[in-house]
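Below is one structure, written out as structure tokens; the observations come after it.
No hydrogens, no waters, no symmetry mates; every other heavy atom, side chains included, goes into these values. Every chain is numbered from 1 and lettered A, B, ... according to where its sequence line falls, protein lines coming before strand lines. Computed from a predicted model, the values in this text were never measured in an experiment.
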Amino acid sequence: MTAERLVGPILQINEAVGLVTAWADRFAQDLGVRTLVIKGETLERQGLRDHHASVDVDLWVDPSRFDEFVGALGSMGWHAPIGQSAEPDPDSKHSATVYHEMWPITIDVHHRFPGFLADPQTVFDALWERRTSTTIAAIEVAAPDAVGHTAIAALHYLRRPDGGLAMGSLPGLEQRVPHVLGRDGLAELSSLAGRVGAATTLADFLTSVGAPPATDHVDAEALRAWEVRTRAPLSTSWVVSIAEQPFWAWPRAVWRATMLPDADIAQHHVLPGESIRQARWRRIRRGLARVPGALGYLVRRRLRAARGRRNP
Amino acid sequence: MSGAWIPAPDIARVEGERRRALLNLARMTQPAVLLEGAALLIHDMVDGSLTTDEIIGELRAEFPDVPYLPEQVRECLDQLAAAGIITALRTPHRPESPAP
């Protein structure tokens, strides 16, 4: 008849996600670092997603305090794993993933979020102004409101529009958003999109949910990079990313791009009813079919760049 | 300890099927605590109104054949208190009796 002190592996994932979310929010508060708990259970509470078993904790931290916060997490035993991601995603520097030997999950600490193309501080401040609070593991934590969270969720899915996550979740989000936000909320969504540099990246989504059109003025290069990563086939962004590395690194990069770890496949690529092995082979077949087009894109990109250098 | 026990503030908790995971946010380096079985029953009885002896009495009535029950209940309460999951009250919070 004793209470057990536990280390990570004995805790179930959902228990760890709840407790670590509450812990991380409190840790940030104690440091005086503004932090939003994003995605996860809050999306379900806000009616923006069906039940989904989260396997990590996502935090969006005030960009001006990001390094300090990640350093403080390190002093508490939360460190970046060795060889973090196998995917050569050129956009992977938007967050740091940290793990702790006593917990079976990781924390993703974001300082920005792909698809919001305004200055990261402007984006965070806009979402912070709209924040709400929600109860996770019986503790109040700060989270984006439904409007801000809609933008985050949509951009999260749109980042890999042909991945299992987007194919499974984006249509559901598009159906839910009009009911959850209502007319006023949709107008606020468009206004927010304009303010945070997501009017263009979310343009199709805004149309599909019936939100008024929005405009923004974003850096053309940032927008082009987003479009390469999303509208072009995923293979294109890999080829571009690999081609930007020294040639001696290509074999390793190609291998890593092709043979993602099971965890990455499970998180981003498995369709309903599909095994990890089936998803991996479907992904490889699809990627191979797209390589010629991706190489063509790369050639055109280099020709454009060469013309730009000749005619500045 | 002759006073009552009450749940400590600042405890994150996740309820599962027949188990409860707790984390004391006032002690940020302390590991989580998992309660199952009898420990869960005892924690459920910690509501500010019952003393250790009263908790033992209620459990004794429900589980008369459990050996060393008082010792085990005391040990469990001591562990929960040491982890800062529960705290001692000098005077139990008793529900007020209705006026005659």
Inset, instruction - Return the set of residues passing salt bridge (Lys or Arg N to Asp or Glu O under 4.0 Å) with B:R13 (not counting sequence neighbours), or none when no residue passes. - result: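 So B:R13 forms a salt bridge (Lys or Arg N to Asp or Glu O under 4.0 Å) with B:E15.
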
Legend entry - salt bridge (Lys or Arg N to Asp or Glu O under 4.0 Å) involving A:D67 - partner list, sequence neighbours excluded: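 Salt bridge (Lys or Arg N to Asp or Glu O under 4.0 Å) list for A:D67, sorted by chain: empty.
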
Legend entry - Listed partners of A:H111 passing side chain to side chain donor-acceptor pair (under 3.5 Å), at least two apart: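 Applying side chain to side chain donor-acceptor pair (under 3.5 Å) to A:H111 gives none.
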
Inset, instruction - Give a yes-or-no answer on whether the side chains of B:S49 and B:D47 include a donor-acceptor pair shorter than 3.5 Å. - result: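 Present: a donor and an acceptor within the cut-off.
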
Legend entry - Under-4.0 Å salt bridge between A:R112 and A:D119: no

Inset, instruction - Identify whether the distance between the nearest side-chain nitrogen and carboxylate oxygen of A:R176 and A:D50 falls below 4.0 Å. - result: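 Counted as a salt bridge, because a side-chain N and a carboxylate O are separated by less than 4.0 Å.
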
Legend entry - Under 4.5 Å from a heavy atom of chain A, the part of B:L22 involved: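 The answer is the backbone of B:L22.
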
Inset, instruction - Answer with side chain, backbone, both or neither: which region of B:I11 has an atom nearer than 4.5 Å to a non-hydrogen atom of chain A? - result: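 Answer is backbone: N, CA, C or O of B:I11 sit under 4.5 Å from chain A.
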
Legend entry - Within residues 132-143 of chain A, residues adjacent to chain B where the heavy-atom gap is under 4.5 Å: A:A137, A:A138, A:I139

Legend entry - Interface residue of largest heavy-atom contact number with chain B, from A:G77, A:G18, A:A22, under 4.5 Å: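 Sorted descending by pairs with chain B, the first entry is A:A22.
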
Inset, instruction - Ignoring hydrogens and angles, tell me if any N or O in the side chain of A:H100 forms a donor-acceptor pair with the backbone of A:I107 under 3.5 Å. - result: no

